[in-house]
Amino acid sequence: MSLNLLNEFGIAFLETAWMLTISVTLAVLIGIPLGIGLFVTSEGMFWQNKILQNISGTIINIIRSIPFVILLVVLLPLTTFILGTSMGPTAASLSLTVAGIPFYARLVENSLREIDKGVIEAAESCGASPWLIIRKVLLPESKSGLIAGLTVTIISLLSYSAMAGMIGGGGIGDLAIRFGYYRYQNEVMVMTVVFLIFLVQLIQFIGDRAAHAADKR
Amino acid sequence: MIELVNVTKTYNSVTAVDNVNLTIPKGEIFGIIGYSGAGKSTLLRCLNLLEKPTAGQVLINKKDLTALSKTEVRKERLKIGMIFQHFHLISSAKVYDNIAFSMLAAGKTKDEIQLRVPELLEMVGLADRADHYPAQLSGGQKQRVGIARALANDPTVLLCDEATSALDPNTTASILKLLKEINVSLGITIVLITHEMEVVQQICHRVAVMENGKVIEVNEAYELFADPQTPLAKQFVQTVHSLTLPERLLKARTGSIAQITFRGDSAEDSIISETISRFKVTVNILHGQISYIQDRPLGILIVEIKGNQSEIERAIEYITIRTNRLEVLADVS
Ligand SMILES: Nc1ncnc2c1ncn2[C@@H]1O[C@H](COP(=O)(O)OP(=O)(O)OP(=O)(O)O)[C@@H](O)[C@H]1O
Ligand SMILES: [Mg+2]
């Protein structure tokens, strides 16, 4: 492997890492409150609210049903408007974030549903406020599920980021296409794929370990 | 003191609690029995407004909870502890933090919590378990944590929904003992649901019997066993006094077979011998049992009374007057 290629590879990796850092961070920061919101406004919960529940549920479903490639294209004008350009990893992060938030929010909601309703009820019987229940019951009790969901989200966003590369987002996916596809350097393609497989395995491994450690049941 | 006034709870078409009126004085251990689906849990949950009654009032210490706002209800709940069949502890929190949770709900400071939690752990006999997770505890220990959590804010009322139903007999006995101690030493009113008559027998002062959402009988625990008023209560009592005679004995009988319930008063002591000397009958004891309800003895005796028909009838009348209850199981044929 030439020094030049190695250099390109390093840059591509950093670009991917950058895209993931931004999108995963935002997916967590916004997805967790959103997921909690979805859960506590659901039927029988303390902030039960059918209208809010339906509106947010529908928006999330719509975004989640749009294929990511299309979401990328649809969001191009918005990206240009916000960042002044639609090229580069930062620009690609925006569409990754938009895809990541509802994705993770649903996973958060699902892991909250796994909590024994009786535990929440017992907390209510103690006279706890909704905020205390969220902080001391909902979040800790779903921690393992939140981590597992995060693992899935990171891996999904990693594969989405390869697609983002196709429209000038940069990163590993972009590298694979530029060298492997356009320049017929199959070994670059293979190398990227092997690298991605390794990366996914690593993320999954760490995620499983962390989820397991958080599970006290 | 707890007062329920015309409390009704309906879900769509199901009436889970149907116009219940109850008064439970301070310091009482009040039991609620009834078959599955009778509405016991729903009624109990109406007491701390986990379930908001469709109609009626719930007064705890003269304050009508149904008239309060959500925030005010939360404040009242601090004074109403609750424990559950499946404990419902926070599995991700250590024993210490499970109990501390209750106090956080009451807005207690970290210092207050640090002082109080060890006291509570001591009281429920888990002083050495503060750093364990619930999964590392036995069922009985988990229930003790539940009790400590429920008592953390010095409540005046403790609600127990089948608190011992998931436990083995020995553990049940130890939890009941703890509840009794709490009741005596802290003067807490306890309302407990159970389907185990042994629980009623051991700790309840009074009992309500529920059927189809209605309270059909309220009785002193001892009276419930000695003289149940409703068929349902009789059925429940029977499960404890299960004195069944072998078919063979019933077939071979030549006299009348009667079940006599004794209240264990000294006046009843000599009843059998007096009957024999007064009437021309012989009395064979076929089966017998003494149970203790709140430490008061209640005796059940199944006897065969032989003699001529009129003497038997007079003997039976005599025993009926002298004792609490006599039920003829089989007449002379
Ligand atoms: N949230 C609910 N929604 C609809 N129906 C309910 C609800 N909770 C209880 N019910 C109904 O109310 C009735 C009484 O239920 P409840 O749980 O109070 O009975 P229970 O006496 O506690 O029974 P068990 O001994 O099985 O616990 C049942 O018919 C039940 O199906
Ligand atoms: Mg129940």
Side-chain angles (χ1 to χ4, degrees), chain A residues 32 35-36 39-50 52 107-108 110-150 207-217, chain B residues 11 41 44-45 47-51 70-95 97-108 132-137 142 145-146 148-153 155 157-162 166:
Chain A
I32 288 183
I36 292 174
F39 179 69
V40 299
T41 54
S42 64
E43 179 143 11
M45 284 301 301
F46 41 77
W47 283 333
Q48 183 174 337
N49 187 329
K50 236 189 181 122
L52 208 65
L107 294 178
V108 169
N110 283 342
S111 30
L112 291 171
R113 278 189 206 289
E114 304 259 303
I115 300 174
D116 184 352
K117 277 272 167 5
V119 176
I120 301 170
E121 198 172 271
E124 286 182 305
S125 81
C126 290
S129 66
W131 286 114
L132 188 68
I133 294 177
I134 290 172
R135 276 196 304 125
K136 294 286 178 181
V137 181
L138 298 189
L139 286 175
E141 287 293 272
S142 63
K143 196 164 151 197
S144 171
L146 296 186
I147 294 171
L150 182 62
D208 286 348
R209 273 299 195 71
H212 184 73
D215 192 356
K216 303 289 183 214
R217 275 172 296 180
Chain B
Y11 300 103
S41 297
L44 195 75
R45 293 153 53 83
L47 290 180
N48 60 358
L49 252 63
L50 276 183
E51 222 55 86
K70 272 190 179 177
T71 322
E72 288 168 325
V73 166
R74 278 208 297 276
K75 226 175 131 206
E76 293 305 315
R77 281 185 186 149
L78 300 174
K79 295 288 163 202
I80 311 171
M82 188 168 194
I83 58 174
F84 307 84
Q85 178 175 4
H86 297 296
F87 326 119
H88 296 334
L89 302 176
I90 304 170
S91 63
S92 54
K94 291 177 176 173
V95 166
D97 294 308
N98 264 286
I99 302 170
F101 177 81
S102 240
M103 301 186 66
L104 286 176
K108 297 281 165 60
H132 286 60
Y133 285 98
Q136 299 167 315
L137 302 177
K142 282 182 203 166
V145 178
R149 173 174 70 177
L151 297 180
N153 297 315
V157 175
L158 178 64
L159 309 176
C160 316
D161 193 347
E162 309 250 13

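In what follows, chains carry the letters A, B, and so on, assigned in the order in which the sequence lines appear, proteins first and then strands, with residues in each chain numbered from 1.
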At a 4.5 Å cut-off on heavy atoms, which part of [X] comes close to chain A: side chain, backbone, both, or neither?
X: K70(B); answer: side chain
X: F84(B); answer: side chain
X: L89(B); answer: backbone

From [atom1] ([X]) to [atom2] ([Y]), nearest 0.5 Å:
X: L139(A); Y: S92(B); atom1: CG; atom2: OG; value: 9.5 Å
X: I80(B); Y: C126(A); atom1: CD1; atom2: SG; value: 12.0 Å
X: S125(A); Y: L49(B); atom1: OG; atom2: CG; value: 12.5 Å

**OP:** Might you point out which heavy atoms bring R217(A) and S91(B) nearest each other, and give the distance in Å?
**Re:** CG-OG, 3.5 Å

Original post:
Has the side chain of E121(A) got a donor or acceptor atom that lies under 3.5 Å from a matching backbone atom of L50(B)?
Top reply: no

**OP:** Would you mind checking which part of A123(A) comes under 4.5 Å of any heavy atom in chain B, side chain (CB onward), backbone (N, CA, C, O), both or neither?
**Re:**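 For A123(A), heavy atoms of backbone and side chain both lie under 4.5 Å from chain B.
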
Subject >> Presence of salt bridge, E124(A) and R77(B), under 4.0 angstrom >> reply: no

Original post:
Taking E141(A), K117(A), K136(A) one by one, which has the highest count of heavy-atom pairs under 4.5 Å against chain B?
Top reply: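 Winner by heavy-atom pair count: E141(A).
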
Subject >> Test salt bridge (charged side-chain N to carboxylate O under 4.0 Å, His left out) applied to D116(A) - qualifying residues, sequence neighbours left out >> reply: none

Original post:
Cation over ring, K216(A) on Y133(B), under 6.0 Å and within 45°?
Top reply: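 Pair K216(A)/Y133(B) counts as cation-pi.
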
Original post:
So does K79(B) have more than 12 non-hydrogen atoms from other groups sitting under 6.0 Å from NZ?
Top reply: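 Counting neighbours around NZ of K79(B), more than 12 heavy atoms of other residues, nucleotides or ligands fall under 6.0 Å, so yes.
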
**OP:** Could you tell me which of T71(B), L104(B), V73(B), N98(B) has the largest number of non-hydrogen atom pairs under 4.5 Å with chain A?
**Re:** L104(B)

Subject >> Partners meeting side-chain hydrogen bond (donor to acceptor under 3.5 Å, both in side chains) with E76(B) (sequence neighbours left out) >> reply: K63(B)

